[in-house]
Trainee: 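This is the structure I want to talk about, given as structure tokens.
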Amino acid sequence: MNTNRITINKIQEMKVNGEPISMVTAYDYTSAKIINSTKIPIILVGDSMGNNILGYDSTIPVTVEDIIRSTKSVTAGAKKPLIVADLPFFSYQIDIKSTLLNVRRLIQDGGANAVKLEGGEQVADTVKKIVMAGVPVMGHIGLTPQSVNKLGGYKLQGKTSESAKILLNDALALQESGAFAIVLELIPSELSREITDTLKIPTIGIGAGIECDGQVQVFHDLLGLDLEFSPKHSRKYAHLAATIKIALENYDADVRKKKFPTKENSFFLK
Ligand code: KIV
């Protein structure tokens, strides 16, 4: 076992000490290696890989196999952060036996340290059973992208006092079931504050304001890896798509003008 890896105890300690927790997605070895060189304590192998690397228009088609393949390469590249792998759509809804078999695959075959699943009170019993099997679980409430068709789009959740109350109850049910942290996605800041103040476990927000115990962002959004996409809840800390485009154009131009490779890049017989 890698004893240097961040544990769920450390994440809990960060909440108690009021130390903000950052989490970022990764889907491959190269990005995981770069994240490993920072102090970011949690990597999420998110099913947002559907949108960001597989070219789907939602997370719904993502499979357990997709998550396992990515988790393997992420765990190979990142030895320090806690690795949380998403349970994809319909990998935990059918029955507890198939759920636990899928959890086993993410942990034993993928090498994840914890799993994340979407939903509140309705998945509380499932969370309890996964935790009882010895696997840490991160909850995810508010906008739950796997239910985009039911929700009618990627919309702010918990806007009415009734829906806010349901989300608070969901958060409490997940905590009661043994979840070690909860992602709050696209909910008003006032509600994030109430949930964060009420819970003993950390909340990790995305589009949920500054009041959460931590923040999670998609790697591609933070680094500007899409020339057009720029969600309100994110901030581009780099504009890599534009940088990469220029680099590729320069390479192409050099090949066309026979400026690459030069002698320095070539091999010759003595
Ligand atoms: O898959 C993902 O990237 C996520 C985050 C939005 C929390 O679930």
Side-chain angles (χ1 to χ4, degrees), residues 11 20-28 31-32 35 40-71 73-74 78 81-92 102 106 110 112-120 123 127 136-148 151 153-158 167 170-171 174 179-187 192 195-196 201-209 212-223 225-226 229-235:
I11 302 302
I21 304 157
S22 53
M23 173 160 106
V24 65
T25 65
Y27 317 111
D28 66 88
S31 49
I35 298 165
I40 294 175
I42 313 179
I43 291 181
L44 171 66
V45 184
D47 59 359
S48 54
M49 69 174 64
N51 310 74
N52 293 300
I53 62 165
L54 299 175
Y56 303 143
D57 64 0
S58 76
T59 60
I60 289 172
V62 175
T63 64
V64 172
E65 281 68 31
D66 292 329
I67 301 279
I68 291 172
R69 195 181 309 112
S70 274
T71 308
S73 53
V74 167
L82 182 78
I83 314 279
V84 181
D86 254 339
L87 277 163
F89 187 53
F90 258 82
S91 66
Y92 54 95
N102 287 327
L106 297 191
N113 311 119
V115 298
K116 176 168 82 58
L117 51 75
E118 297 181 5
V123 294
V127 170
V137 177
M138 181 178 277
H140 183 160
I141 58 172
L143 174 71
T144 45
Q146 292 172 10
S147 308
V148 63
L151 298 173
Y154 297 100
K155 299 174 184 164
L156 187 72
Q157 303 295 307
L167 285 173
D170 282 340
L174 289 170
F180 76 96
I182 302 178
V183 168
L184 305 179
E185 180 163 356
L186 224 58
I187 63 171
S192 306
I195 295 176
T196 303
I201 58 171
T203 58
I204 306 201
I206 175 163
C212 300
D213 296 303
Q215 299 293 327
V216 53
Q217 285 288 311
V218 167
F219 187 84
H220 291 52
D221 296 344
L222 287 181
L223 299 177
L225 277 165
D226 190 302
F229 188 56
S230 195
K232 176 178 161 67
H233 65 254
S234 193
R235 178 184 291 165

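All heavy atoms count here, side chains included; hydrogens, waters and symmetry mates do not. Note that the numbering runs from 1 along the sequence shown for the chain. Remember, it's 1-based here, ligands and their atoms both numbered in the order they're listed.
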Trainee: To check your reading of the model: name the closest protein heavy atom to atom 4 (C) of ligand 1, its residue, and the distance in Å.
Mentor: Leu44 CD2, 3.5 Å
Trainee: Have a look at ligand 1 and work out which part of Lys116, if any, has a heavy atom under 4.0 Å from it: side chain, backbone, both or neither.
Mentor: side chain
Trainee: Under 4.0 Å from a heavy atom of Thr25: which atoms of ligand 1 are those, numbered in the order shown and with their elements?
Mentor: 3 (O)
Trainee: Which atoms of ligand 1 have any heavy atom of Gly46 under 4.0 Å away?
Mentor: 1 (O), 2 (C)
Trainee: Just verifying a value: how many Å separate Tyr92 OH and Asp86 CG, rounded to the nearest 0.5 Å?
Mentor: 8.0 Å
Trainee: Under a 4.5 Å cut-off applied to non-hydrogen side-chain atoms, are Phe229 and Asp221 in contact?
Mentor: yes
Trainee: Is it the case that ligand 1 has an N or O less than 3.5 angstrom from some N or O of Asp47?
Mentor: yes
Trainee: Any atoms of ligand 1 less than 4.0 Å from a non-hydrogen atom of Glu185? List them with their elements.
Mentor: 6 (C)
Trainee: Output yes when the distance from some N or O of ligand 1 to some N or O of Asp86 is under 3.5 Å, and no in every other case.
Mentor: yes
Trainee: Just how far is it from atom CG of Leu106 to atom CG of Leu87, taken to the nearest 0.5 Å?
Mentor: 5.5 Å
Trainee: For a quick check under 3.5 Å, do Ser48 and Asn51 share a side-chain donor-acceptor pair by atom type?
Mentor: no
Trainee: Students should be able to answer this: which protein heavy-atom is nearest to atom 3 (O) of ligand 1, and at what distance?
Mentor: Ser48 OG, 2.5 Å
Trainee: Determine the minimum heavy-atom distance between Gly50 and Val62, stating which atoms define it.
Mentor: CA-CG2, 3.5 Å
Trainee: Just by modelled atom types, is the Ser22 backbone N or O under 3.5 Å from a matching donor or acceptor in the Gln217 side chain?
Mentor: no
